[in-house]
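Letters A, B, ... mirror the listed sequences (proteins, then strands); counts begin at 1. Side-chain atoms are counted along with the backbone in the values below, which use heavy atoms only and exclude waters and symmetry mates.
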Number of protein chains: 2
Amino acid sequence: MHEMIHRPVTLRDVAVKAGVSTSTVSRVLDDRIQSKSETAKRVREIAEELGYRRNTYASSLRRGETTLIGVVVPRLTDAVMALMFEAIERAARKRGHVAVVTTSGDDPDDEIQAVERLLDRNVDSVILATARMDDTLPASLRQKSLRHALVLRTDGTSPSSLGDDFQGGYFAVRHLVDLGHKNIAIITGPEFTSSAHDRVAGAKQALEEGGISIDASRIIFASYGIEAGIAFGKELLAQDPPTAIFAANDNIAIGIMTAAEQAGLKIGRDLSIVGYNDIPLAERLPVSLTSVRVPFDNIAETALDLLANPDPNPIRRAMPVLMPRRSTSHPAG
Amino acid sequence: MHEMIHRPVTLRDVAVKAGVSTSTVSRVLDDRIQSKSETAKRVREIAEELGYRRNTYASSLRRGETTLIGVVVPRLTDAVMALMFEAIERAARKRGHVAVVTTSGDDPDDEIQAVERLLDRNVDSVILATARMDDTLPASLRQKSLRHALVLRTDGTSPSSLGDDFQGGYFAVRHLVDLGHKNIAIITGPEFTSSAHDRVAGAKQALEEGGISIDASRIIFASYGIEAGIAFGKELLAQDPPTAIFAANDNIAIGIMTAAEQAGLKIGRDLSIVGYNDIPLAERLPVSLTSVRVPFDNIAETALDLLANPDPNPIRRAMPVLMPRRSTSHPAG
DNA sequence: CTGTTAGCGCCTTCAG
DNA sequence: CTGAAGGCGCTAACAG
């Protein structure tokens, strides 16, 4: 019983034990080739037995490619980003690729650094979940002809896979209009995101169809956080409160709930709220939140398609679904 | 204006242009060495100018190491896990390492596969945020002498970095006792986690010190999810409801809030609740949640220390802090 | 401080 | 189908 030095098992070890050359082993173990000869079978057995594991570094160095996809998100503690990354990870795995994630915060400079970090790891493509409409990063990636795709937002040019935010916004407010609300306010995301704009545009169309016109001051561009929901929720509820609010993000909706609670309003009775994204928390809140479900898995698959097959018309939108819950009902009046 | 093939810039390119050997360039660009000769300066400039980027695969292959840390979490959509990974990522970056994460779900088999995936990427150490007390995986890692550490939970043997769950549990219930509660219930995590046990043990000590004894049926081992909080919250509140509940996890606490809401109880007045972890959502809930803050950054740093310097006494516990908020107050009676 | 040499482990010609 | 040979890009040992 002696200490073993754990030198990893190499192709050579397998080759020697099988009495063949390393080339043969390499070929047998190459998934792209399907050999079922006797030798192949034996080699596979021995590899298994020895616990052979391909050295990614050597392999990638030789092949000159990595099948490594880098993902940049502002933060993982945002449930939307966590959902998005998990979906990308699943989709990548399905195709035999690997996804790695790094966080960038909200600063465009940090975003550049995040991409640098990924390139330092030799990823061969990048997925950005952070794109601002005025962001120069996608342009610079295009210029470097670095394979990339945007998810959840778009800059209008780079390959992008996102939910149909216009439709989602439409569904949300259409739902409120159908319930009979006429006094509706909207809190959406930052000016610089396509999602914030598109959701509002869809919302406006639903209002229009319902013959409802609302004051411009009733459409607020905020940020996608609970704080924003609390602050602007308070503001909206302070005087002449609406009977319903469309929050273009579940966090905002939760913030509004907090504001409403503190104003003594009962959600779903005194105030209807629709959120967006349908994060897992939404349906489990004290008053379950009506929300627009975004098909993250779909979006992830499409993003990987876009990476694999560059497309001349590279902006793909997946249809979201309204999930009605207890936070919305007919107006009290 | 002709198409350029984007062959990446190599060490050789830099060497040629600088009129030196590749070794020199390699050394100059090695962070571990600090040369400030004229040549070094010039080489650095040329590398910069050419946009040289070290090929990680070649470098790691040659060096035989990767400075790549693999992290396994059950899921990133759990805020606790997202916080933990972000902290690890920060700590790793500070040391010039890189952390990659993969998710395992709750199935121990998937956990093994997750580690396999990481090993396929040639990580040279692994951090597990999933360890069950009865888990065989840490033991098998020990046997393979694969560098690893557990975070947030421990199996009692492998190097572990976690919060002091006993103290945290003590602080939580001590707070309730100090407020005057005598009718207290506890909902904790799964049987198979050290955290669930230790938090209860600390809680018990606080009860004891307060001269309070509670029925065994008032201590419930559940899972760390909102669902569990809703289900067992309902159960507890159905008859002879406690005036306070210690939830060993914020998700459970949120679930209890939902149950309380539906039972017509007002949190903080009719029912006090203390959570655990202090996820960002906690302080932003309609009624802000008193919770035990876990020092994730601390835990991450320590985990990396443990990976770097194997320690004979490898279980380190960081002190948590109680964050009192509106969900707790004196009992109504 | 610098250059020469040798290979890390693997994959892919090219011959057989 | 198989083996021999060469090299991906980089770094460590060695000599100068």
Sugar-phosphate, base or nothing in reach of B:Thr10, heavy atoms under 4.0 Å: sugar-phosphate
Spacing of B:Lys41 atom NZ relative to C:dC1 atom C1', expressed in whole Å: 17 Å
B:Thr39 vs C:dT2: side-chain N/O to OP1/OP2 distance below 4.0 Å: yes
A:Thr24, nearest nucleotide to its side chain (from C:dT12, C:dT4, D:dG3): D:dG3
Within 6.0 Å of CZ in B:Arg53, more than 12 heavy atoms from elsewhere: yes
Closest nucleotide among D:dA4, D:dA12, D:dC8 to the B:Arg63 side chain: D:dA12
N or O in side chain of A:Tyr57 less than 4.0 angstrom from D:dT11 OP1/OP2: no
Atom-to-atom span, CG of A:Leu61 to P of D:dG9 - whole angstrom: 7 Å
Below 4.0 Å: OP1/OP2 of D:dC8 and any side-chain N or O of B:Arg62: no
Touch class at under 4.0 angstrom, heavy-atom based, for B:Ser59 against every strand present: sugar-phosphate
Sugar-phosphate, base or nothing in reach of B:Ser60, heavy atoms under 4.0 Å: nothing
Point-to-point distance, once rounded to the nearest 0.5 Å, from CD1 of A:Ile127 to CG of A:Leu150: 9.5 Å
Nearest-nucleotide 5' precedence on DNA chain C, A:Arg27 against A:Arg12: A:Arg12
Among C:dC8, C:dG3, C:dT12, the nucleotide that comes nearest once only the side chain of A:Asp30 is considered: C:dT12
A:Arg95 atom CZ, neighbour heavy-atom count above 12 within 6.0 Å: yes
Residue A:Tyr52, side-chain heavy atoms: nucleotide from C:dG7, C:dG9, C:dC10 that is nearest: C:dC10
Side-chain ion pair, A:Glu111 and A:Arg132, N-O less than 4.0 Å: no
Sugar-phosphate, base or nothing in reach of B:Leu11, heavy atoms under 4.0 Å: base
Between C:dT12 (P) and A:Leu29 (CG): distance, integer Å: 13 Å
Rounded distance (Å) that lies between atom C1' of C:dG9 and atom CG of B:Asp120: 15 Å
Donor-acceptor pair (no angle test) under 3.5 Å: A:Ser23 side chain, D:dA4 base: yes
A:Asp30 and A:Arg54: CA distance, side-chain angles, deciding distance, salt bridge (charged side-chain N to carboxylate O under 4.0 Å, His left out) verdict: CA-CA 10 Å; A:Asp30 187 335; A:Arg54 168 189 284 115; 5.4 Å; no
Nearest to side-chain heavy atoms of A:Asn55, which nucleotide of D:dC10, C:dG9, C:dT2: C:dG9
Protein-nucleotide distance (B:Glu38, atom CD; C:dT2, atom C1'), rounded to Å: 16 Å
